[in-house]
Amino acid sequence: MLDDLNDKQREVVLFDISSPLLVIAGAGSGKTKALTYKIAYLIKEVGFHPSEIMATTFTNKAATEMKERVENLIGKKLYFPYMGTMHSIFLSILRIHGSLVDLKPYFAIFDDDDQRKLIRNIIKENNIPEDIMKVNSVSSMISNLKGKCITPNDFEVLSFRDEYFVKIYSEYEKKLKANNAIDFDDILLKSLYLFKENDNLREEYREKLKYVLVDEYQDINILQHDLLREISETNVCFVGDPDQNIYSWRGTDIKSILSFENDYPGGTLIKLEQNYRSTKRILSVSQSIIVKNSLRFEKNLWTENDLGLPIKIYQAQDELDEADYIVNMIKIIGGKLSDFAILYRTNAQSRILEERFLKANIQYRIYGGLKFYQRKEIKDIISYIRFAMNFDDTISLLRIINTPQRKIGNVTISKLQEEANLKNITLGRLIMEEGDLPQNVLNFKNIIDDIKLHMDTLSPRDFIKYIIDIIKYRQYLMSSNDGLLDDRLENIDEFIGVGEKYSKIEDMISDISLMQGEDQSGEISDNVIMMSLHSAKGLEFRTVFIVGMEENIFPHLRSFDNIESLEEERRLCYVGMTRAKERLYLTFAIRRSLYGFSQNNNPSRFLSDIPIEHVELDY
């Protein structure tokens with residue numbers, strides 16, 4: 001079985017199971033192979049039962065793939081009660097021992113919607129101003145604090161807003177208990193308390209679980225770090241790469257993997273540095289980026305693959321030229337469209353790429369997200385424009401009548417629809433042309449009247465800005481923060497920029513409708529993949545384009561506040577580059593229109609880190 005492994009992978013598999021091990025697995029170095037072979041080896045050669053092994057991954061899909069690969073190596077079906085995500089594993093433990101942390105049998109798990117309803121009720125019951133304490137913001141804060149093991153009693157109150165928050169957080173915890181419920185974060189937090197407060201149970205599980213393996217260790221948070229410390233002392237194997245920690249905004253903490261040698265004295269580091277994915281040039285270029293970081297373990301990826309083609313750097317005149325260059329290169333290179341990936345720092349950058357690909361009749365797919373004109377915030381604004389242009393557009397009306405929220409519920413809409421049916425007119429005509437409306441519906445009518453009044457007097461760009469302002473759409477997005485706030489704000493700014501190309505709003509809406517029509521012409525499997533750099537981790541492609549390599553875009557403007565954020569941007573660049581197997585293209589524009597503004601940006605500082613001998617300049 002070990003003949004399929006290289007020397008370092010074999011060292012991981014055969015390493016002493018009584019000693020802590022951290023595997024620093026570089027991009028494309030076969031870490032999943034090493035991990036699955038080690039599990040198979042423990043069962044087949046060491047004699048462990050599958051129930052004596054805990055193996056955690058970050059997705060259920062990855063856990064299923066891991067189980068299948070181990071079964072293929074062993075040659076039979078196996079039952080792994082402790083293989084899966086950390087949440088799934090520890091939930092099963094809580095179901096058995098929950099009474100020890102004051103959980104009753106059959107406790108419920110509140111999902112995101114349940115949490116928001118509970119928080120909303122608490123805010124109302126305590127007469128807390130909703131404009132100060134936004135439901136989704138409170139929910140996110142509670143989740144982040146639980147990920148850091150911070151209770152309401154631990155939270156430091158520094159302002160009157162903090163006082164409101166602590167009140168809500170405390171009430172939230174009490175109501176969860178009253179409902180015999182926990183939230184998603186509590187699965188791990190309650191498990192941590194379970195083992196901290198019950199020495200006998202902790203020792204029982206340390207004895208039962210003879211080996212603990214953790215994949216993607218660089219992406220754990222403080223809570224997960226502390227829980228793993230409780231469940232295991234020495235018989236651990238953690239696999240990860242600090243250079244690929246790119247999710248701090250989700251609460252991951254790179255210090256967890258960097259503190260391994262302090263957490264597990266006498267622990268050993270093994271580095272998987274042989275890359276099976278990329279050419280020598282691509283590895284050299286990506287290495288030149290990441291070595292500038294200080295928060296990392298030193299490693300040097302190498303490969304037996306060919307030297308490969310030079311890395312192409314293209315200086316575009318603007319974002320249109322950049323998109324056309326990519327279209328032309330894809331046509332020149334040829335082959336399967338799915339061999340190509342276009343990576344960008346912000347989702348708003350996909351808009352112009354999508355337009356040029358549609359024009360060139362090249363099929364594409366947005367991976368891990370929606371195409372630009374399908375995004376909620378864009379569809380909302382478009383629906384306002386369409387309804388102002390056409391009062392018979394009931395679909396657009398129903399989308400916007402209560403967005404942002406105006407307390408126009410289904411009962412009110414149903415009554416109005418019945419009246420419209422009796423008068424043989426559309427719901428929109430009734431609202432906009434008939435009288436005797438409820439006050440909240442009348443307020444909506446007045447907004448549409450105001451929008452329609454400005455339709456012919458403002459340029460498309462200013463008209464879109466006017467709609468966003470009059471309906472207070474930015475405030476609405478901020479109050480209903482769903483974790484995508486920055487993306488959504490950037491997208492509406494980019495949509496404002498679309499208006500610059502047109503002299504009439506009708507022409508703009510017609511073009512968008514045509515693009516949507518072409519976009520839905522039929523799904524085929526062979527597509528160019530477009531995605532954000534954050535979505536690219538774990539994937540690989542023969543040819544990769546990283547676009548928008550400019551200061552303020554990549555690295556992002558928000559990263560300039562502190563060195564930790566800038567290092568994460570560098571890691572993001574490293575992850576993007578190491579997705580490429582054969583060809584890597586880096587593009588930047590002399591002048592770029594983005595978020596409704598046209599500006600000159602300097603080339604990304606990352607470009608100046610690249611050794612010139614590996615580069616071919618397309619200037």
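FYI, the numbering just counts along the sequence from 1. All values below were derived from every heavy atom in this structure, side-chain atoms included, with hydrogens, water molecules and symmetry-related copies excluded. Keep in mind that this is a model prediction, so the values were computed, not measured.
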Are the side chains of F387 and D392 in touch, meaning some heavy atoms are under 4.5 Å apart?
no
Do the ring planes of W249 and H534 sit parallel (below 30°), tilted (30 to 60°) or perpendicular (above 60°)?
perpendicular
Return yes if a side-chain donor-acceptor contact under 3.5 Å exists between N600 and R591, otherwise no.
yes
So, are K537 and D219 salt-bridged, with charged N and O less than 4.0 Å apart?
yes
Is the shortest side-chain N to carboxylate O distance from R579 to E540 below 4.0 Å?
no
Is the shortest heavy-atom distance from the side chain of R296 to the side chain of I290 under 4.5 Å?
yes
Over 12 non-hydrogen atoms of neighbours within 6.0 angstrom of CZ in F560
yes
N121 side chain reached by K175 side chain, heavy atoms, under 4.5 Å:
no
So how far is it from I128 CD1 to E163 CD, rounded to the nearest 0.5 Å?
11.0 Å
Cut-off 3.5 Å, side chains only: do D321 and Y314 have a donor facing an acceptor?
yes
Look at the rings of F357 and Y364 and say which category their plane angle falls in: under 30° parallel, 30 to 60° tilted, over 60° perpendicular.
perpendicular
Just checking, any donor-acceptor pair under 3.5 angstrom between side chains of S604 and E550?
no
When you compare the side chains of S294 and E567, does any donor N or O come within less than 3.5 Å of an acceptor on the partner?
yes
Ionic contact status for E319 with R592, cut-off 4.0 Å
no
Derivation of the side chain to side chain contact (heavy atoms under 4.5 Å, CB included) call for D253 and I220:
CA-CA 6 Å; D253 188 352; I220 66 170; over 6 Å; no
Face-on cation placement of K292 at F606 ring, 6.0 Å and 45° thresholds:
no
Side-chain H-bond candidate by donor/acceptor type, S140 with S137, under 3.5 Å:
no
Verify the distance criterion only: is there a donor paired with an acceptor across the side chains of S565 and N562 at less than 3.5 Å?
yes
Exercise: do Y217 and D241 side chains pair donor with acceptor under 3.5 Å:
no
Within a strict 4.5 Å, meaning less than it, do heavy atoms of the L188 and H87 side chains meet?
yes
Any side-chain heavy-atom pair of I395 and D393 under 4.5 Å
yes
Any salt bridge between K371 and E354, counting N to O under 4.0 Å?
no
Does CZ belonging to F58 count more than 12 external heavy atoms closer than 6.0 Å?
yes
Lys/Arg-Asp/Glu bridge criterion (N-O < 4.0 Å) met for K146, E173
yes
Over 12 foreign heavy atoms within 6.0 Å of CD, E125:
yes
Close side-chain approach of Y476 to T403, heavy-atom, < 4.5 Å:
yes
Rounded to the nearest 0.5 Å, how far does OG of S256 lie from CG of N221?
7.5 Å
Would a 4.5 Å heavy-atom cut-off, applied to side chains only, mark D449 and L453 as touching?
no
Do D185 and S143 have side-chain atoms, one donor and one acceptor, less than 3.5 Å apart?
yes
Aromatic ring proximity, centroids under 6.0 angstrom, F155 and F165:
yes
Within the 4.5 Å heavy-atom criterion, are N446 and L442 side-chain neighbours or not?
yes
When you look at I546 and T587, which way does the side chain to side chain contact (heavy atoms under 4.5 Å, CB included) test go after all the steps?
CA-CA 6 Å; I546 303 180; T587 67; over 6 Å; no
Can you tell me how far apart CD1 (I563) and CG (L295) are? Round to the nearest 0.5 Å.
8.5 Å
N443 and Q439 side chains, donor-acceptor separation under 3.5 Å:
yes
Does a side-chain N-to-carboxylate-O contact under 4.0 Å join R558 and E490?
yes
Test: D243 and R571 ion pair at under 4.0 Å:
no
Do other residues, nucleotides or ligands put more than 12 heavy atoms under 6.0 Å from N410 CG?
no
How long is the span from the CD1 atom in I330 to the OG1 atom in T543, to the nearest 0.5 Å?
8.5 Å
Between Y172 and D183, do the side chains contain an N or O donor and an N or O acceptor separated by less than 3.5 Å?
yes
Report yes or no: do S139 and R120 form a side-chain donor-acceptor pair below 3.5 Å?
no
More than 12 heavy atoms of other residues, nucleotides or ligands under 6.0 Å from NZ of K501: yes or no?
yes
For H454 and D450, which I'm curious about, is there any donor-acceptor pair between the side chains at under 3.5 Å?
yes
Have Q349 and N347 got a donor and an acceptor in their side chains that come within less than 3.5 Å?
no
Between D609 and R605, does at least one N-O distance fall below 4.0 Å, as a salt bridge requires?
no
Determine whether I471 and I381 satisfy the following criterion, side chain to side chain contact (heavy atoms under 4.5 Å, CB included), listing intermediate values before the conclusion.
CA-CA 10 Å; I471 66 174; I381 305 303; 4.3 Å; yes
Under-4.0 Å salt bridge between R345 and E569:
yes
State whether K465 and D469 are salt-bridged, where the test is any N-O pair (Lys NZ or Arg NE/NH1/NH2 against Asp/Glu carboxylate O) under 4.0 Å.
no
May I ask you to decide whether D493 forms a salt bridge with R474, counting only side-chain N to carboxylate O separations under 4.0 Å?
yes
Name the residue from L572, V575, L258, I254 that meets the side-chain contact (heavy atoms from CB on, under 4.5 Å) definition with N245.
I254
Interatomic distance, CD1@I313 vs CZ@F588, rounded to 0.5 Å, equals 7.5 Å
With a 3.5 Å cut-off and no angle check, do the side chains of Y373 and E355 form a donor-acceptor pair?
yes
Is it true that Y502 and D511 share a donor-acceptor pair across their side chains at a distance under 3.5 Å?
yes
Side-chain H-bond candidate by donor/acceptor type, E551 with N601, under 3.5 Å:
no
About how many Å separate OH of Y473 and CD1 of I464, when rounded to the nearest 0.5 Å?
13.0 Å
If you draw the axis of the six-membered ring of Y164, does the NZ or CZ of R161 fall within 45° of it and under 6.0 Å from the ring centre?
no
